Amino acid sequence: MIALFILACVCMLVTLLFLVNRIILQVTYDYARQFAANSANALSTHIEKELRFLIEAAGSQAVIDWFSDETDKVKADLAAKELHDVVSRLYSNNLYIGLQNSLYEYSVPDDPVQESMQLVDKLSRSDEEDDWFFSCLEAESDYLLSVNIDHIMQKKRLWLNYKVTRDDEPLGVICTGLSFSHIVHELFSHPSHTQIRSLIIDDQGFVLMDSNLLEDDDFLYKNREATLYDSLSDPLLLAAAEGYLAQIDGYSTDSRNPVMLRPSSGMYRYASITPIRLTNWSNVVLYNSSPLLRMSEFVPAMIIILLFLFIFVLVIHIVSYRLIFHPLARLIDSLSRLKENHQERLYGIDRQDEFGSLSQTIDDLFIKANYDALTGVYNRRFMEILFRRYMEFLFRSNGYLSVLMVDVDFFKQYNDLYGHQEGDHCLQAVAKAITGSLTRSTDFVARYGGEEFLAVLPNTDAAGACRIADVILDKVRRLSIPHAGSTAAEYVTVSVGVTTGKVVYPQDWLAYIKIADDAMYSSKQNGRNRSSFIDFPPTLEQAP
């Protein structure tokens, strides 16, 4: 028993470790997926917020008027006021302007005192640093994203360039350099993220940001400095990235679920590719969950859990056995004995708890199902069940069976004279007298009809059955129940029919009742208040 329990505990421990491993893998997968989606959403939200301000500036009538006529000093001042209000709300607090007609580049300072714009330089197609202006003017979309140097701050920025138009004709470009290093730090600088690496790539596979360079000022790559092949070596991941990038067509306008991958090599367990909304960029996140999967760290906890589980189960077993299973077993055993011996007292009747209520309910149902409600003796349905059972038993033992049919004399007249209530009392008294005449626990009495009773005496010969019949006649007479409507006597009497036979196969139990009933009618014809005996015919004993 102990060996089986130890084996069960070991199996349970292995199962728990397996389940914990599966749970960790699923949590890791969900975490990587959610982290990828959240990081991409954080970047796109930051871009969207700044883009909203640029759209507001590009749509300002004062700005459009000045871009159309940049030599007008009044228009320039009105535009400068509008643009100064915009730059004060930008997170990066910088705004640059490029005009198409003059090719002048201006900066809008974030200075509440100085509201005028400052001339930076002349824009030139031959200057690579001015590519942001000409590329945006020629782009099909309203805005263009790039990574480049802020000439004034001398820092790498993510540039958001928005085209200013009138009647679909380009007039110039408004540009702000986004410093989203705070977002990157917020996403990747937490100690729990030491096993996470994030790359931002464009639709050509060039790397724009690498979180591994977070402590370096160059965590933002300048355009075309590094590719995905320079940062990753897993062929499965690179092939998936190539197929994914081939599907990108322009700037995405909606959020999509991350594409989850399992790298075939390297230290990373999961990888995801997530499009960054409002850009043609994607966020590649690699997640290493190996520190979480050291199952040896969970073994002590599992052993402690199993120990507490064992103690809990043991206590529950002891309590449940004493309060539930032991009383229930005794109740079931009592019901089994009650099935064989109908005088058996059901277990739990005297208990003052739930089992007592259950036992009382079962006892009530047994009585209602098997006993006559008026007289308290067995009803006809239960009599038939017992009769068949006794026939089967006596056939195996080759025993005798005696049956007595008892009928109250002139009972209809008694009801007419004294009323049905007194008639019920009379039947109750007669039933008690018949029951009191039987001497063995295997004998029983049943109410067969209105005023007819049947007594079944297994293993009783003819002489014994006739003696019982005489006792019944005598006990009923001694009741001394007055009966003015009877011609047999001044008191209530009964007529008894007796038959006895040796039980052989295949006798019909109804034949015994018929012979006893015939004997009872013989008693009635001979004056009532007597018994008559008819031997069970041998021909019936052998009848098929």
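Note that this is a predicted model, so its numbers are computed, not measured.
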Does Asp409 pair with Lys524 as a salt bridge, N-O distance under 4.0 Å? yes
Hey, are the side chains of Val406 and Met520 touching, using non-hydrogen atoms and a 4.5 Å cut-off?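 Counting from C-beta outward, Val406 and Met520 never come under 4.5 Å.
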Would you check if Tyr491 and Ile481 make a side-chain contact, meaning some heavy-atom pair closer than 4.5 Å? no
Return the set of residues passing side-chain hydrogen bond (donor to acceptor under 3.5 Å, both in side chains) with Ser402 (not counting sequence neighbours), or none when no residue passes.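 Only Thr500 meet the side-chain hydrogen bond (donor to acceptor under 3.5 Å, both in side chains) criterion with Ser402.
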Under the side-chain hydrogen bond (donor to acceptor under 3.5 Å, both in side chains) test, residues paired with Lys432 that sit two or more places apart: none
What is the minimum heavy-atom distance between Ser198 and Asn283, and which atoms define it? OG-OD1, 2.6 Å
What closest approach, in Å, do Thr460 and Gly464 show between heavy atoms, and which atom pair accounts for it?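 Here Thr460 and Gly464 meet closest at CG2-C, 3.8 Å.
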Name of the residue among Val471, Leu473, Ile472 meeting side chain to side chain contact (heavy atoms under 4.5 Å, CB included) with Lys475: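 One option only clears the test, and that one is Val471.
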CD (Glu490) with more than 12 external heavy atoms under 6.0 Å: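 No, the 6.0 Å shell around CD holds no more than 12 heavy atoms from other groups.
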Any chance OH of Tyr418 has more than 12 other-residue heavy atoms, nucleotides or ligands included, within less than 6.0 Å?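 It does: Tyr418 OH has more than 12 such atoms within range.
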Taking only residues two or more places apart in sequence, or in another chain, which ones meet [X] in a salt bridge (charged side-chain N to carboxylate O under 4.0 Å, His left out)?
| X | answer |
| --- | --- |
| Arg380 | Glu384 |
| Arg388 | none |
| Arg52 | none |

Aromatic ring pairing His483/Tyr414, orientation class (parallel under 30°, perpendicular over 60°, tilted between):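 The rings of His483 and Tyr414 stand perpendicular, inter-plane angle above 60°.
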Write out all pairs satisfying salt bridge (charged side-chain N to carboxylate O under 4.0 Å, His left out) with one or both partners inside residues 450-464, taking only residues at least two apart or from two chains. none
CZ (Phe536) and OH (Tyr512) are apart, to the nearest 0.5 Å, by 4.5 Å
Hey, mind stepping through Ser486 and Arg528 against side chain to side chain donor-acceptor pair (under 3.5 Å) and telling me if it holds? CA-CA 10 Å; Ser486 174; Arg528 291 182 170 83; over 6 Å; no
